[in-house]
Colleague: 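Below is the structure I would like to discuss, written out as structure tokens.
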Amino acid sequence: MTIDWINFTPWISSIGGLLIGFAASLLIVFNGKIAGISGILAGLLTPVSGELLWRIAFVSGLILSPLVYHLVAPLPSVQIHSNAWLIMIAGVLVGFGSRYGSGCTSGHGVCGISRFSRRSFVATACFISSGFLTVLLVRHYIG
């Protein structure tokens with residue numbers, strides 16, 4: 001295995017991770033809510049009184065962030081080397097998995113582990129193991 005030194009960005013990635021942690025901390029301290037994207041988005045689909053505004057603000061921030069970033073620096077190019085149907089099937093499986101696992105990587109991996117939730121440790125280990133196994137099978141055995 002080799003490292004792609006041109007695209008290796010440990011400092012920027014670390015700053016991004018700190019910002020995610022900071023934002024998750026602000027949400028739990030000031031709103032008492034976990035920053036799990038799948039749960040926040042699900043709350044928009046089935047709105048509860050008093051919950052709608054902060055959820056819209058959170059999702060809007062996710063959507064607007066790249067646009068704000070683009071004002072300062074060029075956005076990285078995106079290259080997708082896969083079949084559109086395969087991507088859609090993968091999206092459905094991820095959605096199913098996040099509902100089945102009672103949360104997504106942001107809820108379990110960022111917020112749950114930082115709260116020492118045993119369930120989140122198990123869920124995150126399952127996410128990582130499944131991703132590892134999928135890449136191994138697709139790249140080395142399926143093609």
Colleague: Might you point out which heavy atoms bring L86 and S82 nearest each other, and give the distance in Å?
Modeller: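 Shortest heavy-atom contact: CD2-OG, 3.5 Å.
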
Colleague: With side chain to side chain contact (heavy atoms under 4.5 Å, CB included) as the test, would you mind laying out the steps for F58 and R55 before giving the verdict?
Modeller: CA-CA 5 Å; F58 193 95; R55 290 176 190 274; 5.6 Å; no

Colleague: Looking at every heavy atom in both V110 and A24, which two are closest together, and how far apart are they?
Modeller: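 That closest heavy-atom pairing would be CG1-CB, 4.3 Å.
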
Colleague: Where does the angle between the aromatic ring planes of Y100 and F96 fall among parallel (under 30°), tilted (30 to 60°) and perpendicular (over 60°)?
Modeller: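 Y100 and F96: parallel rings.
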
Colleague: Grab the two heavy atoms, one from Y69 and one from L75, that are nearest each other, plus how far apart they are.
Modeller: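 Heavy atoms of Y69 and L75 come nearest at CD2-CD2, 3.6 Å.
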
Colleague: Is it true that atom CD1 of I6 has more than 12 heavy atoms of other residues, nucleotides or ligands lying nearer than 6.0 Å?
Modeller: no

Colleague: In Å and rounded to the nearest 0.5 Å, what is the NZ to CH2 distance from K33 to W54?
Modeller: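 Separation between the atoms: 6.0 Å.
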
Colleague: Can you tell me how far apart OG1 (T134) and CG (L93) are? Round to the nearest 0.5 Å.
Modeller: 9.0 Å

Colleague: Distance check, rounded to the nearest 0.5 Å: I15 atom CD1 versus I20 atom CD1?
Modeller: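 These two atoms lie 12.5 Å from each other.
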
Colleague: Measuring from atom CD1 of I34 to atom CD1 of I40, what distance do you get when rounded to the nearest 0.5 angstrom?
Modeller: 9.5 Å

Colleague: Hey, is CG on L53 packed in by over 12 heavy atoms from elsewhere, all under 6.0 Å?
Modeller: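 It does not: L53 CG has 12 such atoms or fewer within range.
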
Colleague: Enter the distance from I128:CD1 to L133:CG here, rounded to the nearest 0.5 Å.
Modeller: 13.5 Å

Colleague: Can you hop from V29 to F22 via hydrophobic side chains spaced under 4.5 Å?
Modeller: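 Yes, same cluster.
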
Colleague: Check whether S106 reaches the backbone of I37 with its side chain - one donor and one acceptor, N or O, closer than 3.5 Å.
Modeller: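 Judged by distance alone, yes, a pair lies under 3.5 Å.
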
Colleague: For residues I56 and I63: do they belong to one hydrophobic cluster (side chain heavy atoms under 4.5 Å, members Ile, Leu, Val, Met, Phe, Trp, Tyr)?
Modeller: yes

Colleague: Where is the tightest heavy-atom contact between C111 and A35, given as atom of each residue plus distance?
Modeller: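 For C111 versus A35, the nearest heavy atoms are SG-N, 3.6 Å.
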
Colleague: Locate the shortest heavy-atom distance separating F116 from F121; write the atom from each residue and the value.
Modeller: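 In this case the closest contact between F116 and F121 is CA-CE1, 3.8 Å.
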
Colleague: Going by distance alone, is a donor N or O of one side chain under 3.5 Å from an acceptor N or O of the other, for S120 and T124?
Modeller: no

Colleague: Do V122 and F127 land in one hydrophobic cluster if side-chain heavy atoms of ILVMFWY residues count as linked below 4.5 Å?
Modeller: no

Colleague: Tell me whether I28 shares a hydrophobic cluster with F30, the cluster being built from Ile, Leu, Val, Met, Phe, Trp, Tyr side chains joined at under 4.5 Å.
Modeller: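 Yes, I28 and F30 fall within the same hydrophobic cluster.
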
Colleague: Any chance CD1 of I80 has more than 12 other-residue heavy atoms, nucleotides or ligands included, within less than 6.0 Å?
Modeller: no

Colleague: Can you tell me how far apart CG (D4) and OG1 (T9) are? Round to the nearest 0.5 Å.
Modeller: 10.0 Å

Colleague: Any idea which heavy atoms bring G101 and H108 closest together, and the distance?
Modeller: O-NE2, 2.9 Å

Colleague: Would you say the side chain of I89 lies within less than 4.5 Å of the side chain of V92, judging by non-hydrogen atoms?
Modeller: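 Of all side-chain heavy-atom pairs linking I89 with V92, none is under 4.5 Å.
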
Colleague: Considering residues, nucleotides and ligands other than R118, do more than 12 of their heavy atoms fall under 6.0 Å from its CZ?
Modeller: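 It does not: R118 CZ has 12 such atoms or fewer within range.
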
Colleague: Answer with yes or no whether the hydrophobic clustering places L26 together with V59; edges join I, L, V, M, F, W, Y residues whose side-chain heavy atoms lie under 4.5 Å apart.
Modeller: no

